[in-house]
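Scope of the values below: all heavy atoms of this structure, side chains included, with no hydrogens, waters or symmetry mates. By convention in this document, chain letters (A, B, ...) are assigned in the order of the sequence lines, proteins followed by strands, and residues within each chain are numbered from 1. Bear in mind that the values here come from a model prediction, so they are computed numbers and not experimental data.
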There are 2 protein chains.
Amino acid sequence: MNLTFRQLKVFEMVAQHLNYTSAAKELHLSQPAVSMQIKQLEEQANTPLIEKLGKKLYLTEVGQEMYNYARSTLQQLLDLEETISQMKSLHKGHLKLAVASTANHFVIRMLARFAKVYPKISISLDVTNRSSLLDLLEKNECDLVVMGRPPEGHNLTARPFLENPLVVVAHPNHYLVREKQVSLKELSREEFVIREQGSGTRSAVERFFEEHNMKFKTKMDMSNNRAIKHAAEEGLGLAIVSLHTLEIELRAKTLNIINVEGFPVYRHWYVVQREGKRLSPIAKVFKDYIMQEADGLIKGFNLPSMHHN
Amino acid sequence: MNLTFRQLKVFEMVAQHLNYTSAAKELHLSQPAVSMQIKQLEEQANTPLIEKLGKKLYLTEVGQEMYNYARSTLQQLLDLEETISQMKSLHKGHLKLAVASTANHFVIRMLARFAKVYPKISISLDVTNRSSLLDLLEKNECDLVVMGRPPEGHNLTARPFLENPLVVVAHPNHYLVREKQVSLKELSREEFVIREQGSGTRSAVERFFEEHNMKFKTKMDMSNNRAIKHAAEEGLGLAIVSLHTLEIELRAKTLNIINVEGFPVYRHWYVVQREGKRLSPIAKVFKDYIMQEADGLIKGFNLPSMHHN
DNA sequence: TCTTACCATAAGCAATAACTTATGATAACA
DNA sequence: TGTTATCATAAGTTATTGCTTATGGTAAGA
């Protein structure tokens, strides 16, 4: 059976009017056009749907069934149109994000504001480490990823949208905290608690020291940013972390920034997607949103307790 | 939005395979044919439904929605086809009958057998008087009617399918019951309890007497067949009724048939429908059924207590 | 019986749907 | 780097769709 939506639409109208001529008027058609659509539908069903007794029209039993079907199907079509149009107008939809754990804090801050503007959008946010993020991108399991600079050769498109200032922090009692300005040479004598090899922060730090022909001593490496800060708080060593993750500790004065020559090291946060990925409407909007708003949003992080600038 | 079922079918297949080529194979089409259908569907939705990342295909968010819609709609279509086919094959459907109250008894007997053969068919049976039957036919509110000979000029098609022997009955103590043979002349001296003017039985009796240039005296007329028999049982007069309604009374010997010259008067039961009425499949079958089976079914009425033949 | 309101049917026409084959582009992989 | 699998695109063909206008038949009602 090979129906058309047109046939159903016309049939529905005729079934409601039980009159071809007035159905034709409502559809802005000639009366024979209606007759033909009905005839074709009857041919498809291979059974009469409408019968004419005297001057009046009646639905046959099968016709009644067809009418129910037509109504239901056409309604479903309207629902679909509504859904699609809502998706396009961002009143509906789902945004799948993933962020590096280090970026978690400020991304959530951004998301909170974004979600208020688009209240009907549901969001899933995966906070995970760098290699998992690359995996998610690979498998197309998320729309966008926020992370440090992604590696080359993964068919990824990355746009920096926010500065990521890395600072050196230590326990408030650490002797370097009192120094107005610490040289890199002095710094290199210290021991560090830092993120694991392969992580974004670690790569950035390594690059920085290489550029200045220096080395740094690793006391400990850990995959969890919170744990690193905690280790520094306990005096296990100096930590180099993103300023964006320090809000609470600076406020609580459990860690202090050390004013080192050349610091903060300015790296960037990137919005990353697969090359060629066609973003959903809402993902497109979110990307634009963070590109624009990043600066304004991040001002809250320029806390009074910071030594530099 | 002007979708086609074809587009949905093809899209469903592609969404399942996530591969145009194999979808094309399953549909016995060339690969470009599939590409084009998808492209058209995307044009209708005015948004991409499928995205290609590297070598793999993925549904977009809207694509996922469209897939759900396609599945649901195509399933509904299958359901409709199933329903129609069941209706055609008489596994489903509804039969709307109406019968003259006098015919009630043997029609129900026929229906009982018929219903066993088509257990999935639901039946509604309206037992009512002649003028209501004509009204039902007029309004096309039933498929078939069983009644005596319908009047001319109502655009009705009537086929006789069963003899309707009218007999004269009286209380067992009535003096005519003892007579071997009663002449019409003798009969015309009696008083009758009979159906109301306009009823089938009454018309038949009137015609019979007219044909023999006789008259009959009406003691009482009533619109209810059971009441007429009861009146005869009470000795109020002779009754002329259809033999088919007498089964119980003959068995209980509360009424006896009088063997009158020229009786039984053979009239007929008719299956009646509106001229031009297209019967539903099941109604057609029922009509055939009663035309064929009437004779066999009615044999049960040839009771041993009958005098004639 | 004539008129009116309706639906069916026929003929004709323009648009397009639904394919095909041939060919081009590209990502994955050996 | 060449090969393979896969999808996109182009060109061309055929059948069908979806109308239109004109006309004919018929039931109901004045």
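- For the atom pair Ser101(B) OG and Arg195(B) CZ, the distance stands at 4.5 Å (nearest 0.5 Å).
- Side-chain contact of Asp135(B) with Ser132(B): a donor-acceptor pair under 3.5 Å is absent, judged by distance alone.
- Taking atom NE2 on His154(A) and atom P on dA27(C), their separation rounds to 17 Å, with Å as the unit.
- As rounded to whole Å, 15 Å separates atom P of dC7(D) from atom CE of Met13(B).
- Residues of residues 36-47 of chain A having a heavy atom closer than 4.0 Å to DNA chain C, listed by number: Lys39(A).
- Atom CG of Leu57(A) and atom C1' of dA8(C) are 12 Å apart (whole Å).
- Map Lys52(A) and Leu29(A) each onto its nearest nucleotide of DNA chain D; the residue landing nearer the 5' end is Leu29(A).
- Put simply, NZ on Lys9(A) and OG1 on Thr4(A) are 12.5 Å apart, with the number rounded to the nearest 0.5 Å.
- In the displayed structure, Glu152(B) atom CD is contacted under 6.0 Å by at most 12 heavy atoms of other residues, nucleotides or ligands.
- In terms of phosphate contacts, Ser30(B) brings no side-chain nitrogen or oxygen within less than 4.0 Å of OP1 or OP2 of dC19(C).
- When rounded to the nearest whole Å, the span between CG of Leu53(B) and P of dC7(D) equals 13 Å.
- Counting heavy atoms of neighbouring residues, nucleotides and ligands inside a 6.0 Å radius, atom NZ of Lys88(B) exceeds 12 of them.
- Ion pair Arg207(B)/Glu210(B) not flagged as a salt bridge, since none of the NZ, NE, NH1 or NH2 atoms sits closer than 4.0 Å to an Asp/Glu carboxylate oxygen.
- If you check dA28(D), dA8(C), dC7(D) against the side chain of Ser35(A), the one that comes closest is dA8(C).
- Distance, Leu156(B) CG to dA27(D) P: 13 Å, rounded to whole Å.
- Taking CG of Leu156(B) as the reference point, atom CZ of Arg149(B) lies at 13.0 Å (rounded to 0.5 Å).
- In this entry the distance linking CZ of Arg274(B) with P of dA27(D) reads 10 Å, nearest Å.
- Between Phe5(B) atom CZ and dA17(C) atom C1' there is a gap of 17 Å when expressed in whole angstrom units.
- Nearest to the side chain of Gln31(A), among dA8(D), dT21(D), dC7(C), sits dC7(C).
- Closest-nucleotide positions on DNA chain D for Lys55(A) and Arg6(A) were compared, and the one nearer the 5' end corresponds to Arg6(A).
- In this structure, the side chain of Asp143(A) does not engage the main chain of Leu97(A) through any donor-acceptor pair within 3.5 Å.
- Counting non-hydrogen atoms of neighbouring residues, nucleotides and ligands closer than 6.0 angstrom, the NZ atom of Lys25(B) reaches no more than 12 such neighbours.
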For this session: Could you walk me through whether Ser72(A) and Gln76(A) pass side-chain hydrogen bond (donor to acceptor under 3.5 Å, both in side chains), step by step?
Result: CA-CA 6 Å; Ser72(A) 150; Gln76(A) 261 193 292; 4.5 Å; no
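- Taking the screw axis at each terminus of the helix from dT1(C)-dA30(D) to dA30(C)-dT1(D) from five consecutive base pairs, the angle between the two is 30° to within rounding of 10 degrees.
- Ionic pairing of Glu206(A) and Arg202(A) is present here: one or more N-O contacts between side-chain nitrogen and carboxylate oxygen are shorter than 4.0 angstrom.
- Residue Asn155(B) places its side chain closer to dA28(D) than to any other of dA8(D), dA28(D), dA18(C).
- Using a 4.0 Å cut-off on heavy atoms, the residues of residues 18-26 of chain A that approach DNA chain C are Asn19(A), Tyr20(A), Thr21(A), listed by number.
- Whole-Å rounding puts the Phe11(A) CZ to dC7(C) C1' distance at 16 Å.
- When each of Leu144(B), Val145(B), Val127(B) is checked for a side-chain contact (heavy atoms from CB on, under 4.5 Å) with Val99(B), only Val127(B) meets the rule.
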